[in-house]
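Here's the structure we're looking at; comments come further down.
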Amino acid sequence: MTAYNLHIIRNLVTAIVVTLFFSCTNDFNEVQKVGVLQNKPISEAVNIDLKYTEIADDTVRVLANLISPNMLDYKNFQMLEMGGEFELDN
């Protein structure tokens, strides 16, 4: 290759890299929100049996047992929603 061709290729690569570098203007918080639907649950579960436990030394103690026909998990709101009737055993 001649020096002229290398010069053209170097300028082209430099232009592409600079364009890519300055085109990324999103805030990190905005990037994290991609894929998170605002008013939709992140996950859904049916016929759940949730056990809330406590670990002390070498023993595990069940504090509560929650049984529900369905559960909606809203991680973006730090909230769980239990649908229908649920039963709480403790």
Side-chain angles (χ1 to χ4, degrees):
M1 265 193 232
T2 65
Y4 179 73
N5 288 342
L6 289 176
H7 180 69
I8 290 176
I9 291 173
R10 187 179 307 136
N11 285 343
L12 183 61
V13 169
T14 303
I16 291 171
V17 169
V18 168
T19 302
L20 289 176
F21 181 73
F22 286 109
S23 67
C24 298
T25 60
N26 287 343
D27 185 21
F28 183 68
N29 292 331
E30 291 178 25
V31 173
Q32 285 182 326
K33 291 180 183 178
V34 171
V36 175
L37 301 174
Q38 291 299 321
N39 295 322
K40 302 282 184 173
I42 299 296
S43 64
E44 299 178 23
V46 293
N47 298 326
I48 68 157
D49 186 1
L50 180 71
K51 294 185 182 349
Y52 181 67
T53 59
E54 177 182 66
I55 299 174
D57 297 326
D58 293 338
T59 60
V60 177
R61 193 175 88 174
V62 176
L63 298 178
N65 185 17
L66 179 64
I67 301 168
S68 177
N70 61 4
M71 177 185 76
L72 302 175
D73 185 8
Y74 294 90
K75 290 259 191 234
N76 45 349
F77 299 118
Q78 300 296 321
M79 174 179 81
L80 292 174
E81 180 180 320
M82 305 291 175
E85 297 179 5
F86 63 91
E87 178 182 332
L88 180 63
D89 298 329
N90 53 355

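The first residue in the sequence is number 1, and the count goes up from there. Every heavy atom of this structure was used, including side-chain atoms; hydrogens, water molecules and symmetry mates were not.
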For [X], side-chain contact (heavy atoms from CB on, under 4.5 Å) partners two or more places apart:
{"X": "I55", "value": "V60"}
{"X": "N47", "value": "none"}
{"X": "V18", "value": "T14, F22"}

>> Restricting to non-hydrogen atoms, name the atom on I48 and the atom on A45 that form the minimum distance, rounded to 0.1 Å.
In response: CG2-CB, 3.4 Å
> Tracing side-chain links under 4.5 Å among I, L, V, M, F, W and Y, which residues wind up in one group with Y4?
Replying inline: I8
Residue pairs, two or more places apart or on separate chains, that pass salt bridge (charged side-chain N to carboxylate O under 4.0 Å, His left out) and touch [range]:
{"range": "residues 56-71", "answer": "E54-R61"}
{"range": "residues 9-23", "answer": "none"}
{"range": "residues 41-50", "answer": "D49-K51"}

> Is V17 reachable from I9 through a run of hydrophobic residues whose side-chain heavy atoms are each under 4.5 Å from the next?
Replying inline: yes
> Do the side chains of V46 and M71 join up, straight or via other hydrophobic residues, at under 4.5 Å, putting them in one cluster?
Replying inline: no
>> What's the separation between atom CD1 in I67 and atom CG in L50, rounded to the nearest 0.5 Å?
In response: 10.0 Å
> Quick one: OG1 on T2 to NE2 on H7, what's the gap to the nearest 0.5 Å?
Replying inline: 11.0 Å
